[in-house]
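The next block holds one structure in the form of structure tokens; read it before the comments.
Here the structure is a predicted model, which is why all the values come from computation and not from measurement.
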Amino acid sequence: MPELPEVETVVRGLRPKLAGRRLVRVETRRKDLRIPFPRRFAERLTGRRVEAVERRAKYILLRLDGAETVLAHLGMAGRMTIRLRPNEPPDKHDHVVMITDEGWEFRFNDVRRFGLMTLVADAELDSHPLLAEIGPEPLSAEFNAKVFEAAIAGRRTPIKAALLDQKTVAGIGNIYASEALYRAGVSPKRLARTCKGERAVRIVAGIKAVLADAIKAGGSSLRDYVQADGELGYFQSQWAVYDREGARCPGCDCRGGIKRIVQSNRSTYFCPSRQK
DNA sequence: CTACCATCCTGGTTGC
DNA sequence: TGCAACCAGGATGGTA
């Protein structure tokens, strides 16, 4: 899926067209995605004002008037776009369409339907099952080496798997886990509980740096991901290791180049000579 | 707690 | 060219 940088880019694209606007027409075009839409979802949104567009972890939040929030996740292949395109028929995989009072058309397209969109009362947002267990925002000051070390203390799982666990830290997925560990010089196979002290400092710095760089580039585009205006991100050209099996490591002259291994059934890429 | 596997779903790519 | 197998940015729930 879109990981944190891609979701952040989508949020930044949606915000100028959605925040402060009223939804004059809302349509769901099937009854569920990963989970069912709430009862009368479209009716309950129609006429509401979007007060803010925010991100938490990989979730997109449309804060509505009336103290409710649309909580949305893009899954692996979800796209949210917003354009002026009157009367253009929806695509087969456009599952939600919303029109604002200024005539902008929002579409949630998701071929694989691993995404979701639901409606939550603001009072229940923090304790909502989808959000309650999620760890700190990696780009916030509250995510630091001390907090990170505490989160992984005692865990016998490989550090790569621990980074994919949203309880450890929010928003990291398969691409940025590999990239962050490369920047940190830490092997993805190293047990989480051994990533203490200087290693923890380097991993936290690696996470923050790679996510910030990726946001600057508008995220990574391959296959499904596009920004809210349909443009492509370009961070994939800056990947050091992800999807680069056999390529030269950009940081050293090691012979073997980038290696690919499988952990928890997901591909991991790293440079064995730089990452210990 | 942990590892591991299957599952949801579609479509693009690879290999025979 | 056809077709089947495999693979994919996520998350969850079951098993051992």
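- Look at Arg183(A) and Asp213(A) and you find a salt bridge, because one of the NZ, NE, NH1 or NH2 atoms lies within 4.0 Å of a carboxylate O, short of that distance.
- Contacts of Arg30(A) with the nucleic acid, taken as non-hydrogen atoms under 4.0 Å apart, are absent.
- One interatomic measurement links the two molecules: NZ of Lys31(A) to P of dC9(B), which rounds to 10 Å at whole-angstrom precision.
- With distances taken from any side-chain atom of Arg34(A) to the nucleotides dG11(B), dA3(B), dT12(C), the minimum falls on dT12(C).
- Looking at Arg112(A), its side chain comes within 3.5 Å of the base of dA8(C) through a donor and an acceptor atom.
- Spacing of P atoms, dA11(C) relative to dG11(B), comes out at 22 Å, to the nearest Å.
- Applying the 4.0 Å criterion to OP1 and OP2 of dA11(C), one finds that Gln166(A) has a side-chain N or O inside that range.
- Taking a pair to require two hydrogen-bonding distances under 3.5 Å in either a Watson-Crick or a G-U wobble arrangement, dC9(B) remains unpaired.
- Checking dA8(C), dA3(B), dG11(B) against every side-chain atom of Thr157(A), the shortest atom distance belongs to dA3(B).
- Asn265(A) places its CG atom 12 Å from the P atom of dT7(B), with the value rounded to the nearest Å.
- Nearest to the side-chain atoms of Arg156(A) among the listed nucleotides dT2(B), dA8(C), dG10(C) stands dT2(B).
- A salt bridge links Glu105(A) with Arg107(A): at least one charged nitrogen is closer than 4.0 Å to a carboxylate oxygen.
- Separating the CD atom of Gln263(A) from the P atom of dA8(C) is a distance of 13 Å, rounded to the nearest angstrom.
- His95(A) and His93(A) have perpendicular rings, their planes meeting at more than 60° on a 0 to 90° scale where under 30° would count as parallel.
- Residue Arg113(A) places its side chain closer to dC9(B) than to any other of dG11(B), dT12(C), dC9(B).
- In this structure, the side chain of Glu179(A) engages the main chain of Ala240(A) through a donor-acceptor pair within 3.5 Å.
- Phosphate proximity of dA11(C) to Lys58(A): present, with a side-chain N or O under 4.0 Å from OP1 or OP2.
- dG10(C) has its base stacked against the ring of Phe114(A), the centroids being under 5.5 angstrom apart at an interplanar angle below 30°.
- In this structure, CD1 in Ile172(A) is found 3.5 Å from CD1 in Ile207(A), a value given to the nearest 0.5 Å.
- Closest approach to the Tyr242(A) side chain among dA11(C), dA8(C), dA3(B) is made by dA8(C) (side chain taken as heavy atoms from C-beta onward).
- OP1 or OP2 of dG10(C) lies within a sub-4.0 Å distance of a side-chain N or O belonging to Arg266(A).
- Pro158(A) comes within 4.0 angstrom of sugar-phosphate atoms only, judged by non-hydrogen atoms across all strands, and of no base.
- The interatomic distance linking Leu164(A) (CG) with dA11(C) (P) rounds to 9 Å, in whole Å.
- Put simply, CG on Asp110(A) and CE on Met80(A) are 9.0 Å apart, with the number rounded to the nearest 0.5 Å.
- Here Ser267(A) lies in heavy-atom contact (under 4.0 Å) with sugar-phosphate atoms only.
- For the pair Lys189(A) NZ and dA3(B) P, the interatomic distance rounds to 15 Å; values are reported in whole Å.
- Looking at the side chain of Arg155(A), the nearest of the listed nucleotides dG10(C), dA8(C), dT2(B) is dT2(B).
- Among dA8(C), dC9(B), dG10(C), the nucleotide with an atom closest to any side-chain atom of Asn174(A) is dG10(C).
- Within the structure, a side-chain polar atom (N or O) of His73(A) is placed less than 4.0 Å from OP1 or OP2 of dA11(C).
- Rounded to whole Å, the distance from CG on Leu116(A) to C1' on dT12(C) is 12 Å.
- Annotation: dA5(C) and dA6(B) have their P atoms spaced 16 Å apart (nearest Å).
- Summarising the geometry, the separation between CD1 on Ile35(A) and P on dG10(C) is reported as 18 Å, rounded to the nearest angstrom.
- By the 30° and 60° cut-offs, the orientation of the rings of Tyr59(A) relative to His73(A) is perpendicular.
- Contact annotation for Gly154(A): backbone-only contact, meaning every heavy-atom pair under 4.0 Å involves sugar-phosphate atoms and none involves a base.
- Atom-to-atom, CD of Glu245(A) to P of dT14(B) comes out at 13 Å; the value is rounded to the nearest Å.
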